[in-house]
Number of protein chains: 2
Amino acid sequence: MSVQERKERERADRERLIVATARELAEQQGWDAVTTRRLAERIEYSQPVLYSHFRGKREIIGAVALQGAAEMAVSLRAAASAADGPRARVTALARTYLDFAERNPAVYDAMFRLDGGLAFAVEDTPEPLKDAFAALLESLGEVAGDGVHPGLFTETFWAALHGLATLTRAGRLPPEDAERRTELLVDRLAAL
Amino acid sequence: MSVQERKERERADRERLIVATARELAEQQGWDAVTTRRLAERIEYSQPVLYSHFRGKREIIGAVALQGAAEMAVSLRAAASAADGPRARVTALARTYLDFAERNPAVYDAMFRLDGGLAFAVEDTPEPLKDAFAALLESLGEVAGDGVHPGLFTETFWAALHGLATLTRAGRLPPEDAERRTELLVDRLAAL
DNA sequence: TCGATTGTCTAGCACTGCTAGGATCTCCTC
DNA sequence: GAGGAGATCCTAGCAGTGCTAGACAATCGA
């Protein structure tokens, strides 16, 4: 048994190495630079090894996305619990979300812009994704306002944040006004 | 002179054909299916011909984006002028924007998701893009509210719409609540 | 009608994701 | 310890990508 356990552990280690390396490479040079060859070279294995862990590149992106979702959930909850009162909480949440997107652009892309083959907004959505949404909902539900479904409000607020994050990073919005746009969004959207 | 003029006309025709074909192919099968080979085959020329019109695939995407921006501006203005009063105007604007994104997903991607090599939010931004933003601003400026810069408000509102458009189409948001999210956005964000 | 220019195509480069098949290495059994 | 079975891994190759060099043919002006 012990031999098999060691093998399984080593396999799991290597899988983590693949995901971490893919993420690192993507953050350094963008997802286009994450080719199976380059990734294989970095982990010091041949290409086919990647396919013994993942069905293909898409699944590797998906794995990075799940990792990112888990981290984002932690960040969001930490920011929310450190803030006093609904208003401060929503502001902190928005800032933290946008900050995460800015500091981890490749991970953010894996989560929301690229196709990682993950299910969304359905029954079999992976747990980390549901949990990241739940983290948003926990703080946003209380400012949804009367007669507005908390889930629907969270979806809308999230979409707005997502729009700000992607358009800003793509150079579609002037970066210097980012903070003012965030404030406007919080002031207007949240029922305070 | 006449011969040269005819040639220039034919060249311009062929360029339009390339852009129209790329757009058609992208709408039918997605941008991934728009390969230089397939595109060349459809216009019944060899690959290198494409490169005598455009620097590369990116520029073709850019050309489709500009065409789309022009059409979107027309749609937005038509919707705005057909509505009575600020509230109806903003609602019509939001619906028209999201409708455009839903009916022309490939064009929308070319405009805002893919890299078409176009400059944004700067001096030398192509005219159609500036004009599409202007069309938004014309209707949104009046509901920015006191002390809020119309441009900043338009950017924020646009980002929210963009987030709804992309997340909905990517299956990240349940499509059946799209209309309710739009209403919520308009109700809260616009100062009416 | 000739020569130059313009226009177009064939063929090929270096790269991509992915996989078949063979080699090697490890482990369990005798 | 030795042999065979099985897991593990790599080499080599497929079909596809964007893009381009260089040869060829059509067209134009003199």
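Within every chain, numbering begins at 1; the chains are lettered A, B, ... in the order of the sequence lines, protein sequences first and strands thereafter. The analysis underlying the following values was restricted to heavy atoms, covering all of them including side chains, and did not include hydrogens, waters or symmetry mates.
- Contact check on B:Glu71 versus B:Arg23 returns a salt bridge, with a Lys/Arg side-chain nitrogen under 4.0 Å from an Asp/Glu carboxylate oxygen.
- The phosphate of C:dC18 (OP1 or OP2) has no side-chain N or O of A:Thr36 nearer than 4.0 angstrom.
- With distances taken from any side-chain atom of A:Ser46 to the nucleotides D:dG18, C:dC18, D:dC10, the minimum falls on D:dC10.
- Contact annotation: B:Arg38 does not reach the phosphate of D:dG16 (side-chain N/O to OP1 or OP2, under 4.0 Å).
- One finds a side-chain N or O of A:Arg14 lying less than 4.0 angstrom from the OP1 or OP2 phosphate oxygen of D:dC9.
- To the nearest angstrom, P of C:dG21 lies 18 Å from CD of A:Gln47.
- For the OP1/OP2 pair of D:dT8 and a distance below 4.0 Å, the side-chain nitrogens and oxygens of A:Arg11 include no atom meeting the criterion.
- Remark: C1' of C:dC18 and CD of A:Glu59 are 14 Å apart, rounded to the nearest angstrom.
- Along DNA chain C, the nucleotide nearest A:Arg58 and the nucleotide nearest B:Val49 are compared for position; the residue whose nucleotide lies closer to the 5' end is B:Val49.
- With rounding to whole Å, B:Arg37 atom CZ is found 7 Å from D:dG16 atom C1'.
- The nearest whole Å value for the distance from the CG atom in A:Leu50 to the P atom in D:dT11 is 14 Å.
- The number of heavy atoms from other shown groups lying within 6.0 Å of CG (B:Asp13) is above 12.
- As judged by a 4.0 angstrom heavy-atom cut-off over every strand, B:Thr35 is placed among residues touching the sugar-phosphate backbone only.
- In this structure, the NZ atom of A:Lys57 is 15 Å from the P atom of C:dT19, given to the nearest Å.
- Annotation: the span from B:Phe157 atom CZ to B:Leu152 atom CG amounts to 14.0 Å, rounded to 0.5 Å.
- What separates CD of A:Gln29 from P of C:dC15 is a distance of 14 Å, to the nearest Å.
- Between the NE2 atom of B:His53 and the P atom of C:dG7 there is a distance of 10 Å, rounded to whole Å.
- Distance OH (B:Tyr45) to P (C:dT10): 14 Å, rounded to an integer number of Å.
- Crowding of B:Arg55 atom CZ: a count of heavy atoms from other residues, nucleotides or ligands under 6.0 Å not exceeding 12.
- Within a 6.0 Å radius of CD in A:Glu179, other residues, nucleotides and ligands contribute more than 12 heavy atoms.
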